[in-house]
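Report on one structure; see the data block that follows.
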Amino acid sequence: MKNRLFPGMTRRDFLSASGAMALGSMAPLSMALEAKPKSVLATSTKGMVTSPHELATNAGLDVLKSGGNAIEAAIAIAACLNVTYPHFSGFGGDAFMIISDRNGKVRTLSGIGQAPAILPQYSGNAIPVRGPQSMLTTAANVDTLGKAFDISRNELAGGKSWAELLKPAIGFARDGFPVSPSERFWMDFREKEMNALPGVAQSFMINGKAPEIGQLFKQPQLADTLEMLAVRGYRDFYEGKLAERIAQGLKSAGSPLTASDLAKTQARIEPPLRVNYRDGVLLANQPPTQGITTLEIMGILDRFDLKKIPEGSADYYHVVVEAVKRAFIDRNQYVADPEFVNVPSAKLLSKAHLDQLAGKIQMQRALPWPHVFKNGDTVYIGATDAQGNSVSMLQTVYFDWGSGMMAGDTGILWHNRGASFSLKADSLNVLQPGKRPFHTLNPGMYLKNDKPHILYGTQGADGQPQTLATILTRMIDYGMDPLTALSKPRFLLGKTFSDTRDSLKLEKDAGEKVFEELARRGHEMSVIPAQSPLSGHPGAIVIDQKSGTFSGAHDPRSDGRALGV
């Protein structure tokens, strides 16, 4: 029987679709998924942590078990991921946090490196996405972790030392750790591009070959750098002896960044953006992140009674996708560094504006979608403790493997977030000295009664708001536990690495009838495999305020899990 959705594709072809339409051969991913442990729902009463790598999650759990707080656990996890998940995060990248302390005070940390004071000259119309010219912004990850540590120590009586929190990461770098399926997949995926990723080829391959899944891998140069940070403190990354080594390494690599640029790098501590959703409040980081975009999507969906729309139906996917489109149009028109452009955050999240956007959605007709997709990869970290402190965090090197370049002999892979700047003078995100680039990262927190109820975030660049909209509606509107919500089929609107159409890419287990109905409404559809890495690697922790219990999970598409004390 022929499939009306894809002419020439039989029903059997549809049901067995491997995802070649989106990613090409998925064999390495299939092997990776088979090799990793399956995600499980974690529950506890004394605290919980989640991350995309089990070793990192365990490091955070050990902090909680030994009396540490959620911030300290998040720092330990983040440091470990910067060693064990180098393709998605690193000390040469950026980071973001939302922190709610036991007293109910909420704040965000936005660690975004800025462009150099003296800009390079580019010969083409775009900034290269790899190589030394993409090493265009400083890295604020370490300062984010350091400022969070100061909050823990000065305001929450945190008892762990900075060196103690870095110790597990130093051990993994010095003594080695088993290579994850995700790292191997992305190394295989970039196999033909290694000439453009010399730092990856030199530092993460063994004898010219990608390490096997589970093979012990050591990073002695990074271990030395971490030990220096542990002894000398986090600002040494920007203003001390380590900063001198980093600056020299950047210069040798061909980056325009200088020691003076590093010294100016500071993570911002800011109040969160807020939007009401059902009987709670969703929080996000300020621009230039797209946190405001996730809040707009959810604010639009708050105008629809989703409980009357069956979860997983064509109506469900349609309304979420259409909300995403309206918010993305606003994002592309307004969101950039607010120190350089006016970002009307209050207007975009106002009742009148959200009412207007919701009113434009037609349930039987899709809005055409020709807008540019933004790439990027990252890792999500969630931590909460029995004292009432919670952290929702993301960190990133932008593209998988970042710039592909190392900062000298420091063992630090530098990110390529600066490649997201535009060279067009009329762009909101035009490259300017000292400017912070637009950022896709947006960790989130959902409050009930002014206390954290859900911690959430995901990998996935433009896919982040899309993934978050599905998991939030499933947990809040449909009452699903975190693992069930994370396991359900998801979509990605826009281009991917090998499918350049601005199509709606939906995991095949959504079902053929859903595909056909969405196509009838005007969505250009592509089928991707069930549990596809294209649909993000979210994590979530739910805090039941009445019982005092925690439940959490990390996406079954990832290598991670949630663990409770």
Side-chain angles (χ1 to χ4, degrees), residues 47-53 55-85 88-102 107-111 139-173 222-223 225-238 267 269 378-385 387 389-396 412 441 443 445 455 457 539 541 560 562-563 565:
M48 183 165 287
V49 288
T50 187
S51 89
H53 196 287
L55 290 177
T57 303
N58 269 305
L61 187 68
D62 288 341
V63 170
L64 292 183
K65 285 181 176 179
S66 61
N69 62 41
I71 295 177
E72 293 169 328
I75 292 171
I77 294 171
C80 287
L81 287 173
N82 290 337
V83 177
T84 62
Y85 236 53
F88 282 177
S89 67
F91 291 98
D94 289 341
F96 301 82
M97 284 184 175
I98 301 178
I99 297 173
S100 176
D101 66 28
R102 59 193 176 210
R107 73 203 88 180
T108 69
L109 277 70
S110 288
N141 187 326
V142 174
D143 196 63
T144 305
L145 298 179
K147 282 186 167 57
F149 175 77
D150 290 342
I151 291 171
S152 170
R153 174 61 63 90
N154 299 331
E155 300 182 34
L156 301 179
K160 302 292 184 181
S161 70
W162 173 250
E164 186 178 2
L165 296 176
L166 295 188
K167 186 176 179 180
I170 294 171
F172 291 134
L222 184 57
T225 293
L226 286 171
E227 288 179 348
M228 184 177 285
L229 268 180
V231 172
R232 301 180 62 85
Y234 69 91
R235 283 304 299 178
D236 202 63
F237 190 98
Y238 303 98
I269 300 177
T378 182
V379 293
Y380 177 70
I381 299 162
T384 187
D385 60 40
Q387 289 72 46
N389 306 299
S390 294
V391 177
S392 186
M393 179 182 180
L394 288 168
Q395 56 184 13
T396 181
I412 297 173
L441 272 69
M445 191 175 289
L455 315 179
I541 295 175
L563 294 171
V565 180

Inset, instruction - Output, in order, the C-alpha distance, side-chain angles, deciding distance and verdict of side-chain contact (heavy atoms from CB on, under 4.5 Å) for Y85 and C80. - result: CA-CA 8 Å; Y85 236 53; C80 287; over 6 Å; no
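- Side-chain contact between Y234 and D150 is present, with at least one heavy-atom pair separated by less than 4.5 Å.
- Distance check, rounded to the nearest 0.5 Å: OG1 of T144 to CZ of F96 gives 7.5 Å.
- Side chains of R107 and D101 form a contact here, defined as non-hydrogen atoms less than 4.5 Å apart.
- Between L441 and D94 there is no side-chain heavy-atom pair separated by less than 4.5 Å.
- Sorted by first and then second residue, the pairs that involve residues 228-238 and meet salt bridge (charged side-chain N to carboxylate O under 4.0 Å, His left out), not counting sequence neighbours, are D143-R235, R232-D236, R235-E239.
- Taking both residues in full, the closest heavy atoms of N141 and Y238 are given as N-OH, 4.0 Å, listed atom of the first, atom of the second, then distance.
- Nearest heavy-atom pair across M393 and A95 is CE-CB, 4.0 Å.
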Legend entry - Residues T57, T50; criterion side-chain contact (heavy atoms from CB on, under 4.5 Å); working and verdict: CA-CA 6 Å; T57 303; T50 187; 5.5 Å; no
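- V83 and A169 get closest at one heavy-atom pair: CG2-O, 3.7 Å.
- Checking side-chain atoms of E72 against main-chain N and O of G159 turns up a donor-acceptor pair under 3.5 Å.
- In this structure the side chain of P168 never reaches within 4.5 angstrom of the side chain of D62, judged on heavy atoms.
- One distance of note links OG1 of T384 with CE of M445; it measures 8.0 Å at 0.5 Å rounding.
- Rounded to the nearest 0.5 angstrom, I99 CD1 and I71 CD1 are separated by 4.0 Å.
- The minimum heavy-atom distance linking L563 with N58 is given by the pair CD1-OD1, 3.3 Å.
- In this model, no donor atom of one side chain and acceptor atom of the other lie less than 3.5 Å apart for K160 and S152.
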Inset, instruction - Go through F91 and T225 one step at a time and tell me if the side-chain contact (heavy atoms from CB on, under 4.5 Å) criterion holds. - result: CA-CA 10 Å; F91 291 98; T225 293; over 6 Å; no
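- The closest donor-acceptor contact from the side chain of D385 to the backbone of A70 lies under 3.5 Å.
- Summarising the geometry, atom OG1 belonging to T378 is positioned 4.5 Å from atom CG belonging to L394; distances are rounded to the nearest 0.5 Å.
- The heavy-atom pair separating G92 from A139 by the smallest distance is C-CB, 3.4 Å.
- One N or O on the side chain of N82 and one on the backbone of G90 form a donor-acceptor pair closer than 3.5 Å.
- Pairing each heavy atom of A74 with each of V391, the nearest pair is CB-CG1, 3.8 Å.
- In this structure, S89 contributes its side chain and T396 its backbone to no donor-acceptor pair below 3.5 Å.
- A donor-acceptor pair under 3.5 Å is formed between the side chain of R102 and the backbone N or O of L156.
- Between the CG atom of L166 and the CG atom of L229 there is a distance of 6.5 Å, given to the nearest 0.5 Å.
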Legend entry - Test log, rule side-chain contact (heavy atoms from CB on, under 4.5 Å), inputs Y380 and L455: CA-CA 10 Å; Y380 177 70; L455 315 179; 3.5 Å; yes
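- Counting only heavy atoms from C-beta outward, the side chains of L222 and F172 never approach each other to under 4.5 Å.
- Under the 3.5 Å distance criterion, with hydrogens and angles disregarded, no donor-acceptor pair is assigned to the side chains of S100 and S390.
- The CE atom of M97 sits 5.5 Å away from atom CG of L145, with the distance rounded to the nearest 0.5 Å.
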